[in-house]
Protein chains: 2
Amino acid sequence: MGDAVAATIRDVATAAGVSQSTVSRALSIPELVNPATRARVLAAARQLGYQPNRAARGLITGRTGNLGLIVPDLSNPFFSSVVKGVQAAARTSDYSLFIADTDEEASAEVELLRALTKQVDGIVLCSPRSPDTELVEVGLDDAVVLMNRRIDGRPSVTVDNADGMRQAVEHLAALGHERIAYVAGPRTSWSNGQREQGLHQSADATGTDLVHLGHFPPQFEGGVAAADLALASGATAVIAYNDVVALGLLSRLGMRGVPVPDQISVLGCDDIGMSAMTHPALTTVSIPKREGGRAAVAMLLSLLRDGGAAAAGASVPHRELPTQLIVRATTGVAPAPDRRTAGGHSTKGSTR
Amino acid sequence: MGDAVAATIRDVATAAGVSQSTVSRALSIPELVNPATRARVLAAARQLGYQPNRAARGLITGRTGNLGLIVPDLSNPFFSSVVKGVQAAARTSDYSLFIADTDEEASAEVELLRALTKQVDGIVLCSPRSPDTELVEVGLDDAVVLMNRRIDGRPSVTVDNADGMRQAVEHLAALGHERIAYVAGPRTSWSNGQREQGLHQSADATGTDLVHLGHFPPQFEGGVAAADLALASGATAVIAYNDVVALGLLSRLGMRGVPVPDQISVLGCDDIGMSAMTHPALTTVSIPKREGGRAAVAMLLSLLRDGGAAAAGASVPHRELPTQLIVRATTGVAPAPDRRTAGGHSTKGSTR
DNA sequence: GTCGGTTCTGCAAAGGATTGCAAGATTCCG
DNA sequence: CGGAATCTTGCAATCCTTTGCAGAACCGAC
């Protein structure tokens, strides 16, 4: 009630018996003012509960103290982990965070990017779905770091998807699997492309067959839909675009009474919290999600600090995070050839 | 490149051959300027890609055009749905949204509230964990609407938890269950209190026993931990504080080989996306999460519009949303008395 | 005692938009 | 055709902070 209206720098100045400039400096460049006066100012500021008006500061400094984060789907646990990482990093650096969810719509992405760009100092664009070209033409002036996507000449943090897939394939190959199905994610997902590529290489290297199952939405339903195809493909192991899809696979396989991993092995990607909790627990390629979020913010901040340096031709920053296969219970040795269709078709006889 | 530096109102003014005031008015109070000039101004503004500087506007109007949202845990699917509702509503009203995650820490809540309060016009505080007293003393000046919590004299939107519990209990009673266990959520959760209360009333009304199982964290692990207690309690049905906990229950029960719902029925709360996807699918009390988010924003906005009116003693707005029992596959008729401990203790004999 | 050099502080401009006030232009009515 | 009422428009102040520049005060040294 007493301080219904916030104290301004003026109030602090009069209270401390100095000028506004001195107050400003005492708070932001302490070494420039006499220790005694600084103490007086600080005391007055504390007493009045002074907090600089960010709008006024922003008006003159041109920076807002805000960061933006754009993700395709907040209800996807992968992204909520990333968000947590970004949030934590932003908070410790005293930045506030705008978060926007595009609902997996590429068009919303550029639109939000454009809208956000005015209100923040920098943006983390996570797993963008838009084509490169559209992305490049927006936000050129603003600091934007890409996550889970690489575009020439733009800062980015990615994960080593190819290596993750290599670990996955080698693991399955070691278990005796000779034919592996991949349930692909969105066509426009860069990560998906990377994974496919890594998959092909590793499949070649290990001499295993790779079956590519169309593009599915990166959701539970996508996995459900893919399960029957995977089964019919003759593969003894399925790698899913991500854990949520893998969960969908598992659900449908369970519904059909197909034993996992006895008849078919399932492997996910991301290592979301849920995947350790299913029955059986999901083997998956773990991605450092929080760390990725933190790294993106760190990069953004260093970009902001450098400012012009980057424009002067300094190298474009990039960071690649490692992946790690987590073996749990959905992957096992490949079934003997004659058992391959046992579970799924048992009631119908064994031949067809 | 051409417009590396954003156009200001000045630029528009000179381009249109009018004064800044006219431009300002043409954009915000169109009926005050001559249609012809307005057209000229609009054309110039569009051509220059003019967007008013929000900091400058905020400085003078005192409003930021931003809203804030505080949730306990973004990775909880319940909250991500709420976030989506809030986000959508904010966006359509042309507000940007700050989102903060407290990691279920009550102390972070007031801290964030305080920090956020300077940068937004209003805040939606979702499922606050802090005690009422702490909550009341902060943000008194700012517009704050509470979600999933009621505090005297503060605007809020809640759901009819008691009625949801009534539906749940009646459903179970109709299935012949006479002893129901409740796996309680956080002690400081208002929703939990409401649910307990509704539960007790309905239990009395239907003449069923209610077993209260301690307070558990509202996470998967909480359910896992509670499962054995529920089983030992002699209850034939368990109601969980929320779906995530119910999923934990289901997992542990599955691990112990307890058939659901044959030996024990499980019922959740919230109706998160996952719950329709488990095996068997979870019976749950559905809460209109998105709708809740939208309602909270609507209330906030009307509060902002009214401004002083509220202070003048207008009634404090409140909105209560309905709940709806969704019967799926985890609830069934109560087992015959002699079968009650069959699954869990079968290897140990039946008497004890 | 004066001078060059630090150190500290204040003045005033700037940043972009909004808005009360008043002047100019236009219309209307008698 | 004159005066009043109504529209339009511009001037200038204001919001709060940061910062370049310059003045004041103080130091040690010659």
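In the text below, chain A, chain B and the rest are named by the order of the sequence lines, each starting its count at 1. All values below come from the heavy atoms of this structure, side chains included, with hydrogens, waters and symmetry mates left out.
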Taking N and O atoms by type only, does the side chain of [X] place a donor or acceptor under 3.5 Å from a partner on the base of [N]?
| X | N | result |
| --- | --- | --- |
| A:R57 | C:dG15 | no |
| B:S21 | D:dC11 | yes |
| A:R25 | C:dG10 | yes |

Answer yes or no: is there a donor N or O on one side and an acceptor on the other, between the side chain of B:E109 and the main chain of B:R129, under 3.5 Å? yes
salt_bridge(A:R150, A:E320) N-O dist < 4.0 Å: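 Between A:E320 and A:R150 there is no salt bridge, as every charged N stays at least 4.0 Å from the carboxylate O atoms.
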Considering every strand and a 4.0 Å limit on heavy-atom distances, what is the contact class for A:S28: base, sugar-phosphate, or nothing? nothing
Would you indicate what B:V23 reaches in the nucleic acid, counting non-hydrogen atoms under 4.0 angstrom: base, sugar-phosphate, or nothing?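 Contact class for B:V23: none.
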Are B:Y50 and C:dG16 close enough that a side-chain N or O sits under 4.0 Å from OP1 or OP2?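 No, outside the criterion.
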Can you check whether B:S24 has a side-chain N or O nearer than 4.0 Å to OP1 or OP2 of C:dA17?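 No, outside the criterion.
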Take A:L59 and A:S19, find for each the nucleotide of DNA chain C with the closest heavy atom, and name the residue whose nucleotide sits nearer the 5' end.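 Nearest nucleotide further toward 5': that of A:S19.
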Residue whose closest nucleotide on DNA chain D lies nearer the 5' end, B:L32 versus A:T8: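 The residue closer to the strand's 5' end, by nearest nucleotide, is B:L32.
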Determine whether the side chains of B:S19 and B:T22 contain a donor N or O and an acceptor N or O closer than 3.5 Å.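 Yes, because at least one side-chain N or O of B:S19 sits under 3.5 Å from a partner of the opposite role on B:T22.
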